[in-house]
Amino acid sequence: MASTPQPWMARVTSSCSSDTNPTFLITFPDAKYLFNCPENTTRNVLQRGFGLNKYRAIFLSRITTRTSLGLPGFLMTLADSGTKTLKVHGPPGLSHFLASSRHFLNRETLRLEASETDVEDLDPVFKDENLTVYAIPIPLEGEQSDLKEQTPSPERSPSLKRSRSMSPEGAPLAKRLSRDGDTAQGSSSSKMKWTNPVAWRKLIVDRMFPGESGTKFHAQNSGPSAWELKQRLPRWSHRHFATSYFVVGPEYRGKFNATLAESLGVPRGPLRAKLARGESITLPDGKVITPEMIIGESSSAAALLVIDCPSVGAISSLLASPTLSKLVSRERQLLHCVFHMAPDNVMRDPSYIKWMKSLGKDIHHIVANDSVCSDGITFSSSAAMQEKLSELDGELFRRPHFNDSSQESYLQDLGMGDRVLAAKQQVIGMRPLVPPCDSYTEGTNIDPQDSLLPQSSIQSVFSGVKEKILSELPSPIPSRGDDVSISLLGTGSAVPGKYRNAPPVSGALVQIPGFGNILLDCGEGTYGQLRRHFGPQIDTVLREIKLVFLSHIHADHHLGISQLLVERCKLFPPTEYPITLIGPFYSRLYLSEYADIESLGIKTINGVHFLSAEDLEHRRPLKHDTTDIILTYNSVKLRLGLADLRTAAVDHRTTAFGIVLRHVDGWSITYSGDTRPCQNLVDAGMDSTLLIHEATMSDEQEVMAKDKGHSTIGQAVDIACRMKAKKLLLTHFSTRYPKIPVLGRTFTGQGEEAVTLPEIFVGFDHLHIRLGDFSRAERYIPNLENAFSEIKEDIEPKVDSLV
């Protein structure tokens, strides 16, 4: 029981939108506790100024792309920002998810304690001086659903008891950790991996996040080698759960009544100190004084519920939970608020409504689902800059799609008045108790103050520019490929900034009219960026993606692919052809392991077909081990009209590749991924129509760029010149440098002779540019330079996480 009252609050940090899913944050002056960690959590935390310190625990309700895919990036950012210890709790699958990330998610300075629960228990899963957290795990039938309305599954028995297989994976967690006497420390690695996969995953997670005193992942002569730890995980086959959480705050002691203590003969000093600590004392005359005689009545502990009920079929199990019933009915706690992550058909279910009303008329309910939450602008700073740039050229600089309509009005029909609200980033006071209030109103309005570009600059340098340039341009000579378009979905490097997103170019979508789409890298948040970029056409765009290229295993280039594949699986009718994924070995291994938890469409006829980036390296003769690989390679070329499709090994801090696409119509695109200046890429992409090249650092930071495995702006231009590329699109900028580079018309390369630059343009988030647009776009650069000349550098967290 705490003695000094502290204010604390709960807040909706994100709700359901095109690029976010629900998260809730509890804050004390000295601590933060996060509930769920979907994609874009890091970006949202930075955008809204919540900071990256004081996080003690993260609680996940399910292991899905919509609830937990942002966890790897958030853990890396927290670790690189100085967090030393952290606890993560979730349902079964958490350790498998973390362990599957071992190829890119290792932070030696962070000590991470991961725990799972699959049985009901009145013992808390987490407790410190601020919070006591109880888990309420509910088993789910079949595949996991999301916060969109689903077809109801068959009614479940309310009992949580279930038959279990005799395999270690099917046993209760406590038994799985101790079966056959195996522990992470005491068994041989080969035996543990197959007889106790839970202990094997725990060992891997412990080695990924050892802290200062733990065993490092690459430690030698200390248990399994790094090579053994990197091999394919044992397959995960446990039942799926949705976990709700009952959260109880601190109970504060009443005030010590010094006057009453004096009247009872309690002297000042140690005896009074004992009473203040809650201990009884005996006076010299034998009288017993209890704390209740001196100390005023303690305050009740405020409590809240975080409910995840993903389908109508889960309602009966949730409401019949003995743990939930006992926790809600406990004395000396005051339930103040319930967060509902539940689709529309759950919120309209009579039994669920009845249960909500049974909690009491004074309880506040916050509902998060795709029906009641409007799809307003989430990242207002980036959207404001896009809004301003669109005034220059609305075809190149597209405004993000949003929709402020919702079905929130039906919440009033539940008969609970204004106690039921749609999630809109509210703040709820827990001490003192305060009703929900909006800290930020989502919607269509974009505050001009959020824009990087001053309004005065826009008016002076953008007015009439497009019309003037179009009138001055010579009549274009049509070329094949002019209508091929590139949409940049993110142009920052590694850490998302206020104005540039990361995924970096991990959101470069190439659209080939009449053939289909190619996605070049797919970092965290890519699917959300696609939704903002294409709006109502998102399903058509997703259906037309026939090839995805993942350049390397760093999270900012591949972590969003699982979300993209999950959404592709939901398309109806299903796609008529497979999606081909080219990537290095470990990115393919990660996906195959994650697919144990959530279906990605792997190994289905029209699902995901893999090709090895290593096997397609342009210096190697094409060697295909099986007929299936030959068919996959030839069919993806045929569907996209490609005459050639090859990769090029590049120079980064890990195994990484670029890719060269040569079309039967005569145009070609080379994409660098992350790399230092690389002659092999020059050779592979010689005479390309377009080079998309990273330009992470400014020219003054060539040494830093080399150390981090990146290129400067000048080096990227040099590569384009040596490649004899006709056009160059620069991207993947450090968030320290929101300004665009100043580009001249000539450049001296490695030799003495001056060379003519290709047509050059600079990438912005949501830039949509056709190959035939570069002549026009390049002429905008002086105006953009003038507009950006007044801005200050974006503030980047001091991290080294993903680059």
Which one of F24, F59, F126 satisfies the ring-ring contact (aromatic ring centres under 6.0 Å, His included) criterion with F35?
->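 With F35 as partner, ring-ring contact (aromatic ring centres under 6.0 Å, His included) holds for just one option, F59.
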Going by atom types only, do [X] and [Y] share a side-chain donor-acceptor pair under 3.5 Å?
| X | Y | answer |
| --- | --- | --- |
| E116 | S95 | yes |
| E593 | S100 | no |
| D121 | Y134 | no |

Identified side-chain contact (heavy atoms from CB on, under 4.5 Å) partner of V133 from the options V248, V306, V247 |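 Going through V248, V306, V247 one by one, the side-chain contact (heavy atoms from CB on, under 4.5 Å) with V133 is satisfied by V247 alone.
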For atom CE of M416, is the number of surrounding heavy atoms from other residues, nucleotides or ligands below 6.0 Å larger than 12?
->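 Yes.
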Any chance NZ of K216 has more than 12 other-residue heavy atoms, nucleotides or ligands included, within less than 6.0 Å?
->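 It does: K216 NZ has more than 12 such atoms within range.
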Ignoring hydrogens and angles, tell me if any N or O in the side chain of R201 forms a donor-acceptor pair with the backbone of P234 under 3.5 Å.
->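 Judged by distance alone, yes, a pair lies under 3.5 Å.
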Is there a donor-acceptor contact under 3.5 Å from the side chain of T117 to the main chain of V119?
->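 Checked: no pair found.
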Pairing residues for [X] by the side-chain contact (heavy atoms from CB on, under 4.5 Å) criterion, not counting sequence neighbours:
| X | answer |
| --- | --- |
| I353 | K357, L414 |
| L433 | A302, L334, H336 |
| R419 | D362, H364 |
| N53 | K32 |

Mind listing the closest non-hydrogen atom pair of R102 and L233 along with its distance?
->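 Answer, listing the atom of R102 first, then L233: NH1-CG, 3.5 Å.
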Do the two ring centres, one from Y352 and one from H340, sit under 6.0 Å apart?
->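 Y352 vs H340: aromatic centres under 6.0 Å.
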With F217, which residues qualify under ring pair (Phe, Tyr, Trp, His ring centres under 6.0 Å), at least two apart?
->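 Here no residue qualifies.
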Quick one: do N369 and M347 satisfy side chain to side chain contact (heavy atoms under 4.5 Å, CB included)? Show the steps, please.
-> CA-CA 9 Å; N369 64 43; M347 295 305 303; 3.9 Å; yes
All salt bridge (Lys or Arg N to Asp or Glu O under 4.0 Å) counterparts of E108, not counting sequence neighbours |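 Salt bridge (Lys or Arg N to Asp or Glu O under 4.0 Å) list for E108, sorted by chain: empty.
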